[in-house]
Amino acid sequence: MNNHLLALGDFTQEELRALIDRALELKAESKQGVRHQQLAGRKICLLFEKPSTRTRVSFEAAMYGLGGQVIFMSTKESQLGRGEPLKDTARVLSRYVDAIVVRTFGQGVVEELARYATVPVINALTDLHHPCQVLSDLMTVIEKKGTLDKTKTVWIGDGNNMANSWIEAASVFGFPLTLACPAGFSPNETILEKARVRSPLPIVVLRDPAEAIRGAAVINVDVWASMGQEAEQEQRLGVFRDYQLDSALLAKADKDAIVLHCLPAHRGEEVTEEVLEGPQSVVFDQAENKMHIHAAILERFIAGGH
């Protein structure tokens with residue numbers, strides 16, 4: 001297994017499923033009141049260039065829940081903000097902590113940190129990939145549907161980092177994935193083509209969300225303008241207007257389809273209040289599962305398993 005978690009496509013189905021299964025175990029044990037100490041005496045550094053609520057708190061809660069400790073640093077609080085080379089930061093932090101969890105803009109940042117670090121580097125979000133989030137999403141699908149096999153999954157909206165990681169997940173696990181994205185907002189072409197070669201089932205990109213959602217068992221939506229794209233907000237509102245998940249669109253999916261959103265949600269934009277608060281929405285279970293999957297990731301990459 002790789003020493004770093006940078007993208008889902010770097011792993012086998014068995015490796016990723018082991019992380020999900022362990023997260024399910026940790027969640028069940030947590031509900032039973034079991035207290036863990038397998039990372040007692042271990043430390044992680046959260047190195048965040050982008051702001052966060054769920055990712056930061058879920059990683060911190062996961063690490064504390066395993067008996068470990070957390071050091072949080074934004075770029076404003078580190079020498080990265082003053083231009084220190086990434087390779088120097090990686091080598092120094094490796095002497096202090098047992099893993100580096102990074103939330104940043106460019107994928108090249110986590111790749112360079114991983115190249116020079118002697119401890120695991122975990123991608124907590126870049127503009128290209130969001131692997132930890134999609135692992136928690138897959139965990140939620142397994143909880144609600146029992147399986148990933150042949151479960152038609154649909155992505156509606158921007159072909160962003162989440163879409164890219166869902167594409168890689170589909171190729172690794174072999175489930176059918178359909179994406180509905182406006183022209184000019186398709187997923188990364190290199191990731192898409194590589195995934196299609198690997199995947200045993202179709203990964204399809206369409207323009208029409210109504211066509212895409214037919215027969216869907218799992219529906220994903222996300223904000224139309226991600227962090228760093230705030231200047232494009234008004235333009236994107238016009239482009240994505242027909243991609244809103246409302247009750248009429250949801251009715252075209254399977255009657256027991258579940259709705260995922262990694263949050264925060266812009267209610268009334270990519271999803272309506274009615275759908276987000278409706279019986280098919282599992283977004284808060286999904287948000288909780290971030291903590292459990294992060295615990296499984298930290299346990300596996302720091303301690304080598306359980």
Side-chain angles (χ1 to χ4, degrees), residues 1-23 50 55 59 99-117 120-142 147-155 157-181 185-205 218 220 222 226 260 262 286 289-290 293-294 296-298 300-301 305:
M1 187 167 179
N2 289 300
N3 294 327
H4 309 288
L5 176 50
L6 306 185
L8 296 182
D10 297 335
F11 297 88
T12 66
Q13 180 180 149
E14 292 72 24
E15 289 168 338
L16 296 183
R17 185 59 197 248
L19 287 172
I20 295 170
D21 288 343
R22 180 56 178 157
K50 286 189 173 186
T55 300
F59 262 113
I100 306 168
V101 180
V102 187
R103 184 176 174 92
T104 187
F105 291 90
Q107 183 72 12
V109 172
V110 294
E111 291 175 354
E112 186 165 358
L113 288 169
R115 190 174 303 120
Y116 289 95
V121 172
I122 297 167
N123 179 1
L125 177 142
T126 66
D127 288 346
L128 193 62
H129 293 284
H130 202 350
C132 297
Q133 175 65 57
V134 172
L135 281 173
S136 68
D137 299 351
L138 296 170
M139 175 184 172
T140 307
V141 173
I142 290 170
T147 183
L148 295 171
D149 299 341
K150 299 179 181 178
T151 302
K152 181 181 177 181
T153 300
V154 171
W155 176 269
D158 190 19
N160 59 14
N161 52 0
M162 284 288 294
N164 292 334
S165 287
W166 267 103
I167 288 167
E168 290 200 336
S171 73
V172 173
F173 284 95
F175 57 83
L177 176 67
T178 301
L179 303 101
C181 307
F185 295 89
S186 295
N188 180 276
E189 192 64 32
T190 300
I191 291 172
L192 180 60
E193 291 308 314
K194 187 176 179 180
R196 281 172 168 164
V197 170
R198 183 175 182 177
S199 179
L201 291 176
I203 300 174
V204 179
V205 179
V218 178
N220 289 276
D222 195 8
S226 299
L260 299 173
C262 63
Q286 178 189 1
N289 285 342
K290 285 172 68 74
I293 201 73
H294 291 166
I297 290 167
L298 292 170
R300 172 60 187 85
F301 282 87

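FYI, the numbering just counts along the sequence from 1.
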Nearest 0.5 Å, please: how far is CG in L179 from CZ in F185? 15.5 Å

Work out which heavy atom in I20 is nearest to a heavy atom in I142; give both atom names and the distance. CG2-CD1, 3.7 Å

Atom pair CG/OG of N160 and S186 - distance to nearest 0.5 Å: 12.0 Å

Indicate whether the side chain of D137 and that of Q133 have a donor and an acceptor atom separated by less than 3.5 Å. yes

What one should report as the nearest heavy-atom pair of A23 and A296 is N-CB, 3.7 Å

How about P131 and F11: do any of their side-chain heavy atoms sit closer than 4.5 Å? no

Atom pair CG (L19) and CG (L5), whose distance is rounded to the nearest 0.5 Å: 7.5 Å

Would you say the side-chain atoms of R198 pair up with the backbone N or O of G9, donor to acceptor, closer than 3.5 Å? yes

Looking only at heavy atoms, which two atoms of T140 and S136 are closest? And how far apart? OG1-O, 2.8 Å

For R196, is there an ion pair with E193 - N to carboxylate O distance below 4.0 angstrom? yes

d(L125 CG, F105 CZ) to nearest 0.5 Å is 9.0 Å

Determine, step by step, whether D127 and Q107 satisfy the side-chain contact (heavy atoms from CB on, under 4.5 Å) criterion, reporting the C-alpha distance in whole Å, the side-chain angles of both residues, the deciding distance to 0.1 Å, and the verdict. CA-CA 7 Å; D127 288 346; Q107 183 72 12; over 6 Å; no

The reported gap from CH2 in W155 to CG in D222 (rounded to nearest 0.5 angstrom) is 4.5 Å

May I have the step-by-step check of side-chain contact (heavy atoms from CB on, under 4.5 Å) for L138 and I293, ending in yes or no? CA-CA 10 Å; L138 296 170; I293 201 73; over 6 Å; no

What are the two closest heavy atoms between G159 and N164, and how far apart are they? O-OD1, 4.3 Å

List the steps and the verdict of side-chain contact (heavy atoms from CB on, under 4.5 Å) for K194 and N188. CA-CA 10 Å; K194 187 176 179 180; N188 180 276; over 6 Å; no

Looking at N3 and P120, what are the two nearest heavy atoms and their distance? O-CB, 3.2 Å

So does T151 get a backbone contact from the side chain of T153, meaning a donor-acceptor N/O pair under 3.5 Å? yes

State whether the side chain of S165 and the backbone N or O of H130 hold a donor-acceptor pair below 3.5 Å, judged by distance alone. yes

Could you grab the distance from atom CD1 of I167 to atom CG of L8, nearest 0.5 Å is fine? 11.5 Å

Mind checking whether I122 and L298 have side chains closer than 4.5 Å, heavy atoms only? yes

Step by step, work out the side-chain contact (heavy atoms from CB on, under 4.5 Å) result for V141 and L260. CA-CA 9 Å; V141 173; L260 299 173; 4.0 Å; yes

Side chains of V110 and I100: does their closest heavy-atom pair fall under 4.5 Å? no

Distance-only, no hydrogens or angles: does the H129 side chain make a donor-acceptor pair with backbone N or O of A7 under 3.5 Å? no

Between D149 and F173, the two heavy atoms sitting closest are OD1-O, 4.4 Å

Report yes or no: does S171 contribute a side-chain atom to a donor-acceptor pair with the main-chain N or O of E168 at less than 3.5 Å? yes

Residue among T55, N123, T126 satisfying side-chain hydrogen bond (donor to acceptor under 3.5 Å, both in side chains) with R103: T55

Would you call the rings of F175 and W166 parallel, tilted or perpendicular, where under 30° means parallel and over 60° means perpendicular? perpendicular

Determine yes or no for a side-chain-to-main-chain donor-acceptor pair under 3.5 angstrom, with N2 supplying the side chain and D10 the backbone. yes

